[in-house]
There are 2 protein chains.
Amino acid sequence: MPKNIIVIGSGAAGMTAASAAKRTDPEANVIVFTEDEHIAYSPCVIPWVLEGRTSWNDIVMHDPSFYSEERGIDVRIRTKVTSADGIAKTVTAGGVEYGYDSLVIATGGSVFRPPICGVDMRNVFVVRTINDGKKIEEAMKDSKNVVVAGAGVIGLEMALSMRNSGKNVTVVEMFDQILPRIADKDMADAIQKHLCSLNIEFVLGAPLRAIEGDGVVRGIIAGGKDDNNVKIGCDMVILATGVRANLEIPMMLGLDIGKLGGVVVSETMRPYRKGRPVEDIFVAGDVVQCQSAIADGPTMSQLGSSAVKQGSVAGKNAAGDNAVSGAVASPWVTVIGDLHIAGTGLSENLAGWYGLRTVYGKANGYTRARYYPGGKKMMVKILANAETHMMIGAQLIAGEDATGRIDWLTDAIINGTTAEEFLARAENAYCPPTSMVRDVVISAAEDLCDSLKGRPRK
Amino acid sequence: MPKNIIVIGSGAAGMTAASAAKRTDPEANVIVFTEDEHIAYSPCVIPWVLEGRTSWNDIVMHDPSFYSEERGIDVRIRTKVTSADGIAKTVTAGGVEYGYDSLVIATGGSVFRPPICGVDMRNVFVVRTINDGKKIEEAMKDSKNVVVAGAGVIGLEMALSMRNSGKNVTVVEMFDQILPRIADKDMADAIQKHLCSLNIEFVLGAPLRAIEGDGVVRGIIAGGKDDNNVKIGCDMVILATGVRANLEIPMMLGLDIGKLGGVVVSETMRPYRKGRPVEDIFVAGDVVQCQSAIADGPTMSQLGSSAVKQGSVAGKNAAGDNAVSGAVASPWVTVIGDLHIAGTGLSENLAGWYGLRTVYGKANGYTRARYYPGGKKMMVKILANAETHMMIGAQLIAGEDATGRIDWLTDAIINGTTAEEFLARAENAYCPPTSMVRDVVISAAEDLCDSLKGRPRK
């Protein structure tokens with residue numbers, strides 16, 4: 001009897017799981033249920049579509065017929081799963097009940113809408129799906145002044161996208177720095193300076209308190225109560241206020257929810273019910289709470305790359321394999337104007353949340369040999385645990401080529417490398433057009449080792 | 001009493017050692033003796049200078065007065081060390097005897113000149129120093145047809161430099177592929193195809209047998225004996241035939257020489273004499289034989305980046321520190337026309353030399369999201385030890401951004417990561433302008449795991 005594998009959700013986790021399951025067990029019946037209309041695209045690209053770098057049509061890699069014809073996967077779009085029963089092993093979708101042998105839950109997350117006045121008004125947007133993006137595109141035609149709430153990666157990308165589209169843009173952030181969770185203040189300030197040079201305004205330390213208008217947005221209020229606040233006139237608000245896991249299906253199934261609000265999973269992507277692993281359910285993507293590779297605690301790794309990795313493992317295992325997705329450092333990268341910015345592991349803020357004391361090393365250099373034409377500046381900061389000397393995080397700002405270097409640092413961090421081991425072992429490939437003879441990453445590690453010794457800094 | 005630290009050699013290893021020694025012990029007297037006229041430049045850049053990308057003046061980072069004034073280091077150019085005595089702890093340079101407390105030997109290497117007819121003729125060049133480069137530059141004025149002997153990295157860089165300068169170029173290589181030591185045949189063939197498209201000619205499987213002419217080069221003979229050979233007319237020959245360690249000083253000191261022809265060193269960069277470590281001598285750079293991080297055996301890591309790393313450790317330890325330079329994977333990268341090519345660890349050929357059986361994984365993809373404009377193709381190949389499943393080497397061909405990714409793979413390899421561990425642990429930073437959501441490196445690792453399971457390849 002062929003195995004019935006049901007996948008709920010068609011984002012990166014769900015579609016990767018479906019493909020991995022079918023490849024692992026070509027005999028299996030694989031069905032994907034999704035409320036969405038568009039599948040197989042990366043929502044991460046929405047800011048770049050809106051500024052015209054690419055188009056909605058181009059970013060959709062495949063339609064449902066590709067999956068049925070090329071991969072033998074049955075994708076049911078616009079089909080909501082309304083209930084799931086883990087004892088009977090059934091789900092109900094579009095009013096019909098389906099039995100499963102393995103179930104993959106990839107229900108993703110939704111943008112958190114702060115419970116404030118006016119948040120449901122017209123021209124208040126989130127950035128999550130192509131349809132969200134198309135609504136923003138439509139509103140941009142009549143918009144001049146945009147407020148972005150939240151200075152995380154998506155907030156900054158959207159701010160720049162709107163600025164590059166000719167809007168006046170103000171970013172409102174409740175913390176006193178941009179990228180508050182993932183970047184240290186010194187690095188965040190350097191990035192903010194660049195964004196200011198592109199004429200993006202910032203109001204920091206000011207939570208969004210209200211959206212004003214008469215059905216349509218006219219402005220926002222941010223900051224403290226009464227007179228300790230800022231009013232900004234605008235005709236569009238974009239909420240980039242973080243993503244909360246979509247827990248409806250997991251809760252129907254009685255799966256354990258972690259303290260960060262995601263479904264707790266093992267490294268085979270199996271969830272738990274009252275602390276006991278569930279054998280035939282797999283959970284992947286933004287709905288999941290992960291184990292941190294660095295600290296003794298959980299983390300949410302709500303990244304496209306994490307979704308693909310977890311989806312691949314969930315899909316393989318749903319089809320009978322025994323794949324593993326390890327604890328995470330969650331590296332990220334984006335391009336902000338002329339800067340490639342990237343990070344991995346813990347920031348000083350997050351390390352503090354986990355109760356870790358940190359020491360840092362920092363180096364400035366170039367992406368090419370100093371004398372080679374076209375080289376760009378690069379700044380690398382590495383954090384270590386002050387007690388164990390293990391590298392626990394890194395951040396990088398460069399004119400180019402940040403991605404591979406942050407992946408390199410990620411590898412060292414997830415391997416539990418101490419700063420001293422890294423300096424002793426690490427080697428960098430060199431040629432004048434692509435790096436300094438001693439890469440800036442290694443110079444930062446040397447500075448970190450000096451700091452750990454308590455030596456005067458260079 | 002301040003310590004007397006003498007450094008022999010002013011290449012990357014020597015000058016880095018001098019600076020590291022002085023930084024570690026600011027009271028020390030640090031003297032550098034060198035036969036060279038120019039110091040503190042990267043010979044790796046010579047091919048790019050010759051094609052006009054940068055100039056001789058720009059590539060020299062510092063002159064001797066910078067070292068004396070800014071760093072308190074005494075650099076004696078055009079000063080040959082003629083003898084060294086490890087018992088008396090003296091060296092003789094420019095006819096004067098100097099006592100040392102610590103000696104750093106960074107005498108580098110010399111291009112191997114094959115013992116063939118005509119090798120000493122005019123217009124037969126090597127690429128090692130600025131003066132070598134200037135001689136080639138002079139000869140280029142009257143040259144139309146260039147033969148490059150040796151299809152290693154430097155040979156290919158010089159071939160392209162000459163081609164970009166309008167010469168007809170033929171590369172002659174004794175092995176039946178380009179990059180025979182560091183690249184696998186499939187990857188080498190792809191690179192060769194690109195070079196052929198740039199109108200560079202290749203004669204493979206054909207050792208250089210003779211250089212013909214009447215004092216000045218008129219042509220070369222390559223290949224087998226008698227009629228099984230090729231004659232190529234040319235007016236310039238560039239020997240890129242590998243680098244041999246300069247062992248004169250080490251041999252005077254009775255230091256142990258390894259089977260690959262370099263000075264055997266510990267991980268503190270100390271040499272041995274009759275198998276016993278020498279406490280007050282340190283050796284770094286092209287003159288050194290290293291321990292492979294992958295195989296139970298030695299290797300030569302004659303790279304600029306290795307020289308800097310080893311020089312830093314040698315210099316620190318010469319000044320009383322206890323730094324370590326680990327076993328090596330020797331990552332390399334270069335830019336060949338439109339391709340960034342890079343590798344790390346063992347190739348299939350080298351693995352065979354060490355007696356290791358290999359399995360490979362391979363993936364093709366892009367440097368950016370598939371739909372994002374400006375993305376370039378990327379091909380990644382990873383090799384694993386068929387018995388242990390440890391990753392032992394990788395090669396990468398891409399239109400951009402190879403360097404950081406090969407450093408990432410290097411970290412995994414020197415950490416002894418198995419393919420399965422890498423696939424379970426590895427995470428990649430993602431944004432559409434700088435990577436695919438699943439980086440090609442990870443897709444190659446997945447293909448490798450499939451190969452190791454004996455599954456049919458995708």
Side-chain angles (χ1 to χ4, degrees), chain A residues 12 42 44-45 48 53-54 58-59 61 267 293 303-306 308-309 312 323-326 328-335 340 342 344 369-373 401-408 410-412 414-415 417 424-435 437-439 441-442, chain B residues 12 42 44-45 48 53-54 58-59 61 267 293 303-306 308-309 323-326 328-335 340 342 344 369-373 401-408 410-412 414-415 417 424-435 437-439 441-442 446:
Chain A
S42 170
C44 306
V45 79
W48 286 280
R53 300 272 180 130
T54 178
D58 284 341
I59 66 168
M61 306 283 294
E267 62 178 17
L303 299 163
S305 48
S306 303
V308 167
K309 181 178 175 184
S312 173
V324 162
S325 183
V328 301
S330 301
W332 57 272
V333 63
T334 190
V335 179
H340 292 224
T344 186
R370 209 176 284 267
Y371 48 77
Y372 197 89
D401 293 355
T403 306
R405 286 176 170 94
I406 212 72
D407 294 339
W408 171 21
T410 301
D411 195 76
I414 60 182
N415 276 305
T417 314
R425 290 188 200 162
E427 298 171 82
N428 67 285
Y430 161 61
C431 73
T434 74
S435 69
V437 62
R438 162 166 279 201
D439 197 85
V441 166
I442 294 187
Chain B
S42 170
C44 306
V45 79
W48 285 279
R53 299 270 181 133
T54 179
D58 284 340
I59 67 168
M61 307 283 295
E267 62 178 17
L303 299 163
S305 47
S306 303
V308 167
K309 181 178 175 184
V324 162
S325 184
V328 300
S330 301
W332 58 272
V333 63
T334 189
V335 179
H340 292 225
T344 185
R370 209 176 284 269
Y371 48 76
Y372 197 88
D401 294 354
T403 304
R405 286 176 171 94
I406 212 71
D407 294 338
W408 172 20
T410 300
D411 195 76
I414 59 181
N415 276 305
T417 313
R425 289 189 202 160
E427 298 170 82
N428 65 285
Y430 160 62
C431 73
T434 74
S435 68
V437 61
R438 162 166 279 200
D439 197 85
V441 165
I442 294 187
E446 179 154 48

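Side-chain atoms are counted along with the backbone in the values below, which use heavy atoms only and exclude waters and symmetry mates. The chains referred to below are lettered A, B, ... by the order of the sequence lines, with proteins before strands, and numbering in each begins at 1.
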Output yes when a side-chain donor or acceptor of [X] lies under 3.5 Å from a complementary backbone atom of [Y], and no otherwise.
| X | Y | value |
| --- | --- | --- |
| A/Asp58 | B/Tyr372 | no |
| B/Lys309 | A/Ala426 | yes |
| B/Glu427 | A/Ala329 | yes |

Which of the residues [options] is involved in the greatest number of heavy-atom pairs with chain A at under 4.5 angstrom?
| options | result |
| --- | --- |
| B/Thr54, B/Ile59, B/Ile414, B/Val335 | B/Ile59 |
| B/Pro433, B/Gly304, B/Ala369 | B/Pro433 |
| B/Val333, B/Thr344, B/Leu303 | B/Val333 |
| B/Gly326, B/Pro331, B/Ser306, B/Pro373 | B/Pro331 |
| B/Ala323, B/Ala12, B/Ala293, B/Cys44 | B/Cys44 |

Measure distances from [X] to the heavy atoms of chain A and classify the residue's part below 4.5 Å as side chain, backbone, both or neither.
| X | answer |
| --- | --- |
| B/Arg370 | side chain |
| B/Val328 | both |
| B/Ser435 | side chain |
| B/Ala412 | both |
| B/Trp332 | backbone |

Closest heavy-atom contact between [X] and [Y]?
| X | Y | answer |
| --- | --- | --- |
| B/Thr403 | A/Ala429 | CG2-O, 3.6 Å |
| A/Trp408 | B/Gly404 | CB-O, 4.2 Å |
| A/Asn428 | B/Asp407 | CA-OD1, 3.3 Å |
| B/Ser42 | A/Tyr430 | OG-OH, 2.5 Å |

Non-hydrogen atoms of chain B under 4.5 Å away: do they reach the side chain of A/Ser330, the backbone, both or neither?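 The answer is both parts of A/Ser330.
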Selection from A/Thr434, A/Val441, A/Thr410 maximising heavy-atom pairs under 4.5 Å formed with chain B: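 Heavy-atom pairs under 4.5 Å are most numerous for A/Thr434.
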Any side-chain heavy atom of A/Asp411 within less than 4.5 Å of one from B/Asn415?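 Sidechains of B/Asn415 and A/Asp411: in contact.
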Would you mind reporting whether B/Arg438 and A/Ser312 have side-chain heavy atoms less than 4.5 Å apart?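 Yes, side chains in contact.
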Between atom CE of A/Met61 and atom OH of B/Tyr371, what is the distance when rounded to the nearest 0.5 Å?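 Spacing of CE (A/Met61) from OH (B/Tyr371) equals 7.5 Å.
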